[in-house]
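What follows is a short report on a single structure.
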Number of protein chains: 2
Amino acid sequence: MLPRSYVSPARSAAAAETRERVIEAASRTLREGESIARFSLDTVAKAAGVTRLTVYNQFGSRRGLLEAVFDEIARHGGLHQLADAMAMADPRAALDRMVEIFCGFWSRDSAVGRLHDAMATDPEFAEVLRERNERRRHGVAALIDRIARRSASPQARKDTVDLIFTLTSYPTFASLSAGRSRDEVCRVLQTACRAALGPLIGPRT
Amino acid sequence: MLPRSYVSPARSAAAAETRERVIEAASRTLREGESIARFSLDTVAKAAGVTRLTVYNQFGSRRGLLEAVFDEIARHGGLHQLADAMAMADPRAALDRMVEIFCGFWSRDSAVGRLHDAMATDPEFAEVLRERNERRRHGVAALIDRIARRSASPQARKDTVDLIFTLTSYPTFASLSAGRSRDEVCRVLQTACRAALGPLIGPRT
DNA sequence: AAATTAGATATACATGATGTATAGTCAATC
DNA sequence: GATTGACTATACATCATGTATATCTAATTT
């Protein structure tokens, strides 16, 4: 006999709410813990007031939870401002703005650092985060194409794109954050990115 | 009664040899495994033909073994060439050479990548590796002091030091290594480091 | 030659993590 | 009132680090 099934507004709303609660507890645990090693589903479940199995029901696995946390952070991380930045008339100003936006993103929620740590132990999760980052590379490439003079070789363009991609990555931000505020790091990186453009805009004018 | 104790040439030689064998097996396991997660003392012990407890006797802990592996890699990594580089008359040529030496170091043994991954899960091991890296920062600072014009502010010097320190780090090398040979990465980084000097050598000449 | 010692082994155990399986609870929906 | 979906309770399998204890063996010392 066919099982009768139904969608329940109240139930799915409640489920969505517990899901949110678990994600919130997970990112809080990531923020407060001093290492990704301490991040266990048991801790998260207790912090969220649910059972460990509920976490599995909602996210399938530890990795699923981490991905959900990253997506949540990305949703509120201010990356939507990139569209405006890319639309700026001056591509160099757009690059400055892009650096600024990513500095804001990397610093907004310290959980992103722990999520990058998780890349080390979970290759598949690392792949997911890498794909997310590729969007940034495409954005950089688009700007570089507008900035580079026409005679710039494809190789020089690619080198510059990859270099600026690396300069705007989380590890670079974290490395420069020792003893610097977010804005100071931003300044350093903007200067570095402008300097990195050198080979593309020809001999010094 | 006093326990009589002695040092045994044959014994300690044999112990040193097993120690070497375990380190070799460990770095091989790190190289071949696709993630630090797969790196277990059980695997290493079997690969070395000893018991897991022998590893504990020799290295005390997983972390101790990882530190020993890093030290072994550092010993054969060519970093001794840094002394010659630092002694070069032209500090900019010395910087180029320094970048070259570190590109060689990061690429010589792929186990170094896995060791950096281990930083994510083991804070104390991360601290050990950070201390090792601080020597590089001091080296960079010494060169920058020779390169910077006298009017360069302390802050500008510090920014440049930290930036070049980051550019010569393993994460940066790894990021640029996708689709590039060691020498190509080296070229890109040398160019980037020279460009990063810009603010220190005054307005464009 | 006999006793002792250092290094390695054998075996067992405690702890904590991920992930799976099964049965049960309770409120929302049909 | 029967059924269904989300969550719970409990148990289990597996694998990792790390500790404890007793044993074995070959190198030294007396």
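Residue numbers start from 1 in every chain, and the chains themselves are labelled A, B, ... in the order their sequence lines are given, proteins ahead of strands.
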Open item on the list: What's the closest nucleotide to the side chain of A:T54 if the choices are D:dT17, C:dT9, D:dT8?
Closed with: D:dT8
Task: Rounded distance (nearest 0.5 Å) linking atom CD1 of B:I101 with atom CH2 of B:W106 - done: 13.0 Å
- [ ] Give the rounded distance in Å between these two atoms: CG of B:L66 and P of D:dT17.
- [x] 10 Å
Task: Cation over ring face, A:R114 and A:F39, 6.0 Å, 45° - done: no
Open item on the list: Is a donor from one side chain sitting under 3.5 angstrom from an acceptor on the other, for B:R38 and B:T43?
Closed with: no
- [ ] Nearest whole angstrom, please: distance from the P of C:dT9 to the OH of B:Y56.
- [x] 15 Å
Open item on the list: OP1 or OP2 of D:dA6 versus the side-chain N and O atoms of A:S12: is any pair under 4.0 Å?
Closed with: no
Open item on the list: Counting only side-chain nitrogens and oxygens, does B:T18 get under 4.0 Å of the OP1 or OP2 atom of C:dA8?
Closed with: yes
Open item on the list: When you measure from the centre of the six-membered ring of A:F125, is the NZ or CZ of A:R63 closer than 6.0 Å and no more than 45° off the axis?
Closed with: no
Open item on the list: Between A:R52 and B:L53, which residue's closest nucleotide on DNA chain C lies nearer the 5′ terminus?
Closed with: B:L53
Open item on the list: Whole angstroms only, please: what is the CG-C1' distance between A:D42 and D:dT10?
Closed with: 14 Å
TODO: Specify the separation, in whole Å, of atom CZ of A:F39 and atom C1' of C:dT18.
DONE: 13 Å
- [ ] Tell me yes or no: between the side chains of A:N133 and A:R130, is some donor less than 3.5 Å from an acceptor?
- [x] no
Task: Separation of atom NZ in B:K46 from atom C1' in C:dT9, rounded to whole Å - done: 15 Å
TODO: Counting heavy atoms from C-beta on, name the nucleotide in C:dG19, D:dG18, C:dT9 closest to the side chain of B:R62.
DONE: D:dG18
- [ ] State whether A:T51 places a side-chain N or O below 4.0 Å from either non-bridging phosphate oxygen (OP1 or OP2) of D:dT8.
- [x] yes
TODO: Rounded off to whole Å, could you give me the CZ-to-P distance for the B:R38 and D:dA16 pair?
DONE: 9 Å
TODO: Report the distance from atom CG of B:N57 to atom P of C:dT9, rounded to the nearest whole Å.
DONE: 9 Å
Task: Side chain of B:S40 - closest among D:dG18, D:dA16, C:dT9 - done: D:dA16
Task: Whole-Å gap separating P (D:dT19) and CG (B:L41) - done: 12 Å
